[in-house]
Each structure stands twice: as structure tokens, then as C-alpha cells.
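Letters go in sequence order (proteins before strands), and every chain restarts at 1.
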Protein chains: 2
Amino acid sequence: MSVSVREVAARAGVSVGTVSNVLNRRDAVRPATVERVERAIDELGYVPNDAARQLRAGQSTTIALVVLDIGNPFFTDVARGAEERAVESGYTLLLANSDDSVERESAHLDQFERQRVAGVLVVPTSSAQPRVSQLRAHGVPVVLVDRGTADATLASVAVDDVEGGRLAAEHLLSQGRRQLVFVGGPEDLPQVQDRSAGAHSAVGAVEGAGILHVPTAALTLDDGMSAGAEVRALVRAGRCDAVLAANDLLAIGVQQALLSGPDPVGIPREVALVGYDDISFAAAAVVPITSVRQPRRVMGATAVDLLLREAGLAPAAAREHVVFQPELVVRASSTVPAPPDAPA
Amino acid sequence: MSVSVREVAARAGVSVGTVSNVLNRRDAVRPATVERVERAIDELGYVPNDAARQLRAGQSTTIALVVLDIGNPFFTDVARGAEERAVESGYTLLLANSDDSVERESAHLDQFERQRVAGVLVVPTSSAQPRVSQLRAHGVPVVLVDRGTADATLASVAVDDVEGGRLAAEHLLSQGRRQLVFVGGPEDLPQVQDRSAGAHSAVGAVEGAGILHVPTAALTLDDGMSAGAEVRALVRAGRCDAVLAANDLLAIGVQQALLSGPDPVGIPREVALVGYDDISFAAAAVVPITSVRQPRRVMGATAVDLLLREAGLAPAAAREHVVFQPELVVRASSTVPAPPDAPA
DNA sequence: CTGAAAGCGCTAACAG
DNA sequence: CTGTTAGCGCTTTCAG
């Protein structure tokens with residue numbers, strides 16, 4: 001089918017070893033020979049076969065990233081950061097989507113292990129732990145992304161979500177809000193648990209403040225719109241004056257549900273709204289949404305760094321756990337009466 | 001390093017050929033033997049090496065998809081459709097992002113060719129034609145996505161964007177609008193050209209109607225917000241009563257720019273707004289955006305189908321060119337005085 | 001500096 | 001049914 005080193009060698013009148021040298025160590029070959037070989041390569045349209053190279057090398061030059069939701073801009077930004085750093089380091093990044101399904105995640109991890117990728121970055125589903133630890137045990141470098149872990153032998157890059165939840169709640173409380181509602185789910189997702197826990201701790205510290213939960217099936221825009229209907233009812237019942245959404249997709253959906261229809265709920269007048277992730281759609285919402293920013297691209301890049309450092313480590317050695325601090329970005333959705341950058 | 005068939009064979013007390021048979025044609029092996037081999041595989045934690053298998057097979061079981069902007073939900077939806085179909089057919093989908101850069105696109109295509117992927121789906125940058133044709137000439141099955149082509153030897157899946165542009169413009173005209181503005185760019189992107197051309201033809205057919213252009217650097221939310229400022233000026237100058245955006249990201253940005261600030265421009269009262277792609281954010285915008293729907297997932301799935309059919313074709317044979325018809329989804333952003341589903 | 005030859009792990013004949 | 005063996009295309013000693 002396709003042309004191989006042998007044919008290139010024949011055409012250039014050299015041996016296959018020399019062709020290989022031209023490809024991988026051109027400085028060890030006489031210039032005239034290099035040129036002859038390169039002409040042959042061009043004329044024949046030769047393209048090296050990575051499978052063969054990899055078989056020889058024992059390992060590929062590819063890093064895989066498995067995310068929970070390819071449609072969430074948060075993850076695509078993490079992917080961008082990771083890809084950038086991977087390419088800088090001479091690797092290629094493969095992107096895969098688990099859609100929060102353990103089966104799909106598992107299928108992808110199997111595939112990557114068969115491919116002998118250089119390593120795997122994974123934003124794990126809530127029940128991925130065993131499979132991921134197994135991967136690690138098989139000698140595949142792994143870094144958990146957007147998720148801390150109890151397993152010290154797994155490296156991880158995460159944001160302190162408890163702190164993020166606290167920041168968001170404290171901000172709402174400082175604005176005089178006392179009846180918070182946390183919107184998010186599924187409940188077994190650690191990110192959701194942590195953000196909720198942080199919010200609870202902040203609320204617990206303030207006399208007269210309370211927090212309710214409106215669970216959702218997932219962290220999507222549609223789920224946010226459904227939750228918004230419930231929030232509306234709570235607001236109108238006088239039981240909610242602030243919403244803390246587990247991510248921005250949800251927050252955008254909630255905003256949409258609150259503002260639409262014949263009887264819009266005022267944001268922030270009647271209810272303040274805070275999201276999480278600070279994706280660009282949050283700032284671009286009609287009432288710009290206050291959000292907890294995570295350093296998405298940096299997280300991706302850092303994950304790649306940790307992964308490449310894994311190479312030399314013994315499987316049982318303790319790993320690095322990088323935890324970033326979140327940052328609150330205040331916008332109009334949560335400030336009363338006017339946003340800080342537009343004093344009346 | 002990792003365990004191979006040979007060790008599995010030794011452990012199970014059989015030959016490597018038998019192990020291979022168990023893996024690939026278990027019905028040709030005695031059940032008792034199968035069981036013994038499988039136990040050995042489990043005990044040893046054996047994972048087949050794809051590189052070796054692929055080297056032998058001459059081709060991989062992977063399909064690659066290169067998109068222009070991984071942050072655009074339109075493309076991630078196409079990817080979902082493609083992945084679904086790929087998996088059904090026993091393939092794996094690799095996702096790569098060119099970010100509209102010819103260099104990055106080219107690097108990805110090189111990489112995929114070296115990997116001997118089963119085929120490549122590509123949403124090409126405007127100047128990708130030569131590289132893509134070369135890929136094809138090297139015998140790699142290729143399908144152009146979201147883009148028709150003059151080259152009959154390249155298969156393609158696209159939507160009739162001229163028709164889509166026309167539909168959008170005709171709708172605006174039917175609502176009594178006469179001063180249209182087309183927002184979009186870069187100008188060399190065929191999708192943008194076609195949509196614009198369709199709009200022009202519709203406008204040309206109506207006495208007293210006109211259309212202006214507000215160019216953008218790319219098709220992102222941020223570009224839309226910048227363009228929105230210009231649109232606002234045109235509206236206030238009495239030179240614009242309708243906007244047709246080249247995609248929804250742009251439309252959302254325009255809406256945001258028009259609605260925000262101390263002096264919001266009424267949508268649809270003062271200016272009607274139509275987007276393109278019908279991504280979920282369009283329907284969820286505060287003024288739900290009328291949009292031209294493309295069958296995103298079906299496009300992805302169809303692209304995979306065409307690709308798999310490529311296998312048997314001679315390089316020079318004519319290819320299939322699937323063209324889908326777009327569909328206008330009318331929402332509140334373009335209908336006056338009230339949306340059709342909410343009669344006063 | 002260049003050539004010859006050994007294998008990386010696997011599958012697919014072909015014998016037994 | 002199972003064992004043996006020849007490569008797939010490439011890199012890498014090791015001699016020349």
C-alpha cells in the first residue's frame with residue numbers, strides 16, 4: 001500500500017539504516033546523503049508509519065484527555081491549555097468525551113491503554129476510582145484533573161471547590177442576602193459536593209441565614225432552565241433571595257428561566273445569582289453573571305506538566321497534588337443596587 | 001515493561017498463536033483452552049498492544065475529526081454525531097482542534113497520516129484545499145464537513161448555506177424589515193460567503209430593501225459583542241432594523257451588546273435578530289434567538305458513513321456530496337409584535 | 001559515515 | 001483444534 005523506508009532507501013541508493021538516520025539524527029549523516037534521501041522521500045511521498053516507530057519505541061508520543069462534557073466550555077478551555085503545553089513538549093493531545101458515563105469513560109481508558117499512550121489526563125466520573133487506579137498500577141502515568149483524591153499515589157490538579165463555594169456564599173451574604181438556594185447535581189459528583197459544602201459552611205457562620213437545595217440531574221443549560229422554574233416559585237414564595245449554581249451552564253439556564261415569560265423575576269433586584277467556572281458565556285449573559293473563576297488553561301497545562309514528571313516515578317511513590325485557589329469575579333447579577341463599575 | 005502474548009501463552013501453557021486466536025476468533029478455540037488463556041490474561045493484567053496489531057493490519061481503527069473551533073457548540077455537536085456513528089461501526093473517534101489556523105490544521109493532518117488512521121473528517125480552514133487533496137492522493141479517505149467543494153474527488157457533507165442565508169433574510173423581510181445588516185467574517189470563509197450571498201439574493205428581490213455588512217475577525221462571542229456596538233450605532237442612526245449573524249455565537253454577542261448598558265436597543269422592537277446553527281445557547285438567550293438550524297449530529301454521522309464507504313473507491317473516482325437543507329427556527333428575537341406561540 | 005541484521009508484539013497462514 | 005513461523009515498518013546496535 002503505502003511506501004516504506006525500504007523503497008526510499010532503494011531510490012536514494014542507500015540502506016534503510018541511513019534513511020532512518022536521516023529521519024532521526026540527520027547530523028550523523030553526510031549532507032550530500034541527507035539531500036539524496038530527502039529528495040527520494042519527496043518524490044515518493046513517503047510518510048513514516050507511527051505504529052512501527054511506536055512498536056519499536058515501546059511508547060507513543062500521545063497524551064490523552066478524557067473530559068466529562070465536551071459541550072461545556074470549561075472543559076474545552078482546560079483542553080486548550082493542555083494541548084498547548086503538550087505540543088510545546090513534543091506530544092500530541094487526544095481529546096475524548098465520557099459524557100459522565102462510566103462505561104464510555106472506561107471504554108476510552110481501555111483504548112488508550114492498548115494504544116500505549118504516554119499518559120492519561122482524566123476528569124473522572126464519580127465512580128472512576130478503581131479503573132483509574134488500575135491504569136496507574138499498569139504503569140500508565142495518570143493525572144486526575146478538576147478533582148482531588150484520597151489516593152496519594154495518583155497525581156492531581158484541582159481547584160479548592162470548598163473554598164470556591166464559600167467565596168460565592170460569603171459574597172451573597174455580604175450583599176445582605178439570607179435565603180440562599182444551591183442549584184446543582186448529581187449529588188455524587190465531588191465538585192458539586194464540595195461547592196455545596198463550602199456554601200453551607202459560610203451560611204452556617206451567619207445568624208439568620210439559611211440554604212436550600214434544588215437538585216439537578218446534570219450540569220447543563222437545560223437542567224438549569226428546569227431548576228429555574230423551581231427557583232422562581234421559591235422566590236415568589238418569599239423563600240429565596242439568592243441562587244448559587246454549581247456551574248455557569250446551570251446559572252445561565254436559571255437566569256433564562258427567571259427572566260423569561262410574562263412575569264420576570266428581577267436579577268439582582270429580587271434574586272441575586274452566582275455561577276461557577278467563569279466561562280465566557282457567563283460574562284456575556286444579558287445580566288452578566290458573577291462567577292467563581294478557575295484557572296482553566298493553567299489547570300490543563302499543569303496537568304500535562306505533572307504527567308510528564310510522572311515518567312520517572314515508582315508506581316507507589318507519592319504524587320504531586322496541585323490545588324489552585326478560586327477567585328470570585330463580581331458582576332451585575334449579584335450586586336445591589338448597581339454594579340461596582342457603574343456607580344450611580 | 002508490559003506483558004506480551006508470549007508471557008500469556010507461557011502461563012496458559014499454550015502457544016502464542018492460540019492466544020491470538022482467543023483474542024480474535026474465540027469460536028475457533030476449545031472452550032477449556034479459552035478459559036485457561038483468559039485466566040492467564042487476567043492474572044497477568046495483559047493488555048494487547050495496538051501498535052503491533054495495527055502494524056500487522058496496516059491500518060488503524062481510528063477516525064480523526066479536525067474542527068475549526070472546539071469552543072463552538074456547533075462543532076462539538078457534529079463531533080458527538082460522528083463519534084456515535086464511529087463507535088457503532090467499531091471505530092474510535094479522535095478529536096482535534098485547528099482553531100482556524102492552517103498551520104495547526106496541517107500539523108494535525110500530518111500526525112494523522114503518520115498514524116495511518118482509517119480516515120479523516122475535516123472542517124477545513126479556507127486555505128486547506130491543497131493539503132487535503134494531497135492527503136486524499138496519498139490514499140487516506142477524507143470527507144469534508146460543513147463545506148462543499150469544487151473538487152469532485154473529495155467527498156463532502158454540507159448544508160446549503162446560500163439557502164440558509166436566503167431563508168433568514170426572507171424571514172426578516174417578511175416581518176417588514178427593510179434595512180438588514182449582515183454580521184460576520186472572516187470574509188474568506190466559504191460558510192460566511194455563502195450565507196451572505198443567500199441574504200443578498202433575497203434582499204435583491206425586494207423593492208426598497210438593502211443590506212449592509214459589519215465584518216468580524218472570527219465567529220466568536222467576543223467578536224459578536226464588538227460588532228454589536230457598531231450595530232447599535234446603525235440602529236440609532238435609523239439605518240438598520242434587522243441583523244443577520246453568520247452564526248449564533250455572533251448573534252448572542254450582538255444581543256448582549258444591544259441589550260446592555262443604560263440605553264438598551266429593543267429586540268425585536270427596534271431591531272430583529274437572526275442567528276445561524278441553532279446551538280442550544282441560542283434558544284436559551286434572554287430574548288430567544290431565531291436561527292437557521294443545521295442537522296449537526298446527523299452531519300457528523302453522515303460524514304462517518306461516507307468515510308467508511310470511501311474504502312473501496314479508486315482515488316480518482318467521483319465522490320458523494322451530501323447537501324442538507326437548513327431549516328429556519330423562529331423565536332422571539334425576530335417576530336413582531338409577539339412570538340407566534342404567545343398570541344396576545 | 002554507512003550497511004546488515006535483529007527484533008518490538010502481533011496476526012495469519014500453514015502444518016501437524 | 002493447536003503450534004510454528006514469517007513478516008508488518010521501523011530503529012538501533014555492531015561491524016566495516
Side-chain angles (χ1 to χ4, degrees), chain A residues 1-38 40-41 44-62 110-111 113-118 138-140, chain B residues 1-38 40-41 44-62 90 111 113-118 138-140:
Chain A
M1 171 87 74
S2 98
V3 356
S4 82
V5 266
R6 208 191 328 279
E7 304 167 56
V8 173
R11 176 110 179 186
V14 299
S15 77
V16 298
T18 300
V19 175
S20 173
N21 281 337
V22 169
L23 257 31
N24 305 298
R25 287 169 320 194
R26 60 179 345 81
D27 43 312
V29 181
R30 202 193 322 166
T33 313
V34 170
E35 212 216 317
R36 209 139 36 87
V37 171
E38 291 193 320
I41 288 178
L44 262 28
Y46 167 74
V47 176
N49 181 328
D50 257 2
R53 177 186 300 224
Q54 181 183 327
L55 178 55
R56 198 76 236 291
Q59 209 209 217
S60 88
T61 179
T62 293
D110 288 350
Q111 156 93 192
E113 188 175 357
R114 282 194 303 269
Q115 289 191 156
R116 301 294 192 271
V117 295
H138 283 191
V140 181
Chain B
M1 173 86 73
S2 96
V3 354
S4 81
V5 266
R6 208 187 330 277
E7 305 167 55
V8 173
R11 175 110 181 187
V14 300
S15 76
V16 297
T18 301
V19 175
S20 174
N21 280 338
V22 169
L23 257 29
N24 305 297
R25 286 168 317 204
R26 61 183 339 84
D27 44 311
V29 182
R30 201 193 325 163
T33 314
V34 170
E35 213 215 317
R36 210 138 37 88
V37 170
E38 290 192 322
I41 288 179
L44 263 27
Y46 167 74
V47 177
N49 182 327
D50 256 2
R53 178 187 300 228
Q54 180 182 330
L55 178 56
R56 193 82 237 290
Q59 209 209 213
S60 87
T61 180
T62 294
Q111 155 92 195
E113 188 175 358
R114 282 194 303 268
Q115 291 191 156
R116 303 291 194 271
V117 295
H138 282 191
V140 181

Nearest-angstrom distance from the residue atom [atom1] of [X] to [atom2] of [N]:
X       : N       : atom1 : atom2 : value
L55(A)  : dG7(D)  : CG    : P     : 17 Å
R116(B) : dC10(D) : CZ    : C1'   : 11 Å
N24(A)  : dC10(D) : CG    : P     : 10 Å
L44(B)  : dG9(C)  : CG    : C1'   : 15 Å
R36(B)  : dT2(D)  : CZ    : P     : 8 Å
D50(B)  : dT11(C) : CG    : C1'   : 13 Å
Q115(B) : dC10(D) : CD    : P     : 14 Å
D27(B)  : dT2(D)  : CG    : C1'   : 15 Å

If the cut-off is 4.0 Å, is [X] near the phosphate of [N], judged by side-chain N/O to OP1 or OP2?
X      : N       : result
N49(B) : dC10(C) : no
S15(B) : dG3(D)  : yes
S4(B)  : dC8(C)  : no

Check: So which one's nearest nucleotide on DNA chain D is more toward 5', A28(B) or V47(A)?
Finding: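 It is A28(B) whose nearest nucleotide is closer to the 5' end.
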Note to self: For A32(A), is there any backbone N or O sitting under 3.5 Å from a side-chain donor or acceptor partner on E35(A)?
What the structure shows: no
Notebook entry, point to check: Any donor-acceptor pair under 3.5 Å linking the side chain of T61(B) with the backbone of G90(B)?
Noted result: yes
Looking at [options], which one has an atom nearest to any side-chain atom of [X]?
X      : options                  : result
V14(A) : dT11(C), dT2(C), dG3(C)  : dG3(C)
L23(B) : dC10(C), dT11(C), dC8(D) : dT11(C)
V29(B) : dT2(D), dA12(C), dT4(D)  : dT2(D)
A52(A) : dC10(D), dC10(C), dT2(D) : dC10(D)
R25(B) : dC10(D), dA12(C), dC1(D) : dA12(C)
T18(B) : dT2(D), dG9(D), dC8(C)   : dT2(D)
S20(A) : dC10(D), dT12(D), dT4(D) : dT12(D)
R53(B) : dT11(C), dC8(C), dT2(C)  : dT11(C)

Checklist line | Minimum heavy-atom distance R36(A)-A12(A), with the two atoms named | finding: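 Looking at all heavy atoms of both residues, the closest pair is NH1-O, 2.6 Å.
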Note to self: By the definition side-chain contact (heavy atoms from CB on, under 4.5 Å), identify the one residue from Q54(A), R116(A), Q115(A), E113(A) that meets it with D50(B).
What the structure shows: Q115(A)
Categorize [X] for me: base, sugar-phosphate, or nothing, with a 4.0 angstrom heavy-atom threshold over every strand shown.
X      : answer
G17(B) : base
V19(A) : nothing
R56(B) : base

Next item on the list: Select from N21(B) and A51(B) the residue whose nearest nucleotide in DNA chain C is closer to the 5' end of that strand.
Entry: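 The 5'-side residue here is A51(B).
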Check: Rounded to the nearest 0.5 Å, what separation is found between the CD1 atom of I41(B) and the CG atom of L44(B)?
Finding: 9.0 Å
Check: So, do V19(B) and R6(B) sit near enough that their side-chain heavy atoms are less than 4.5 Å apart?
Finding: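 Not touching, per the 4.5 Å side-chain cut-off.
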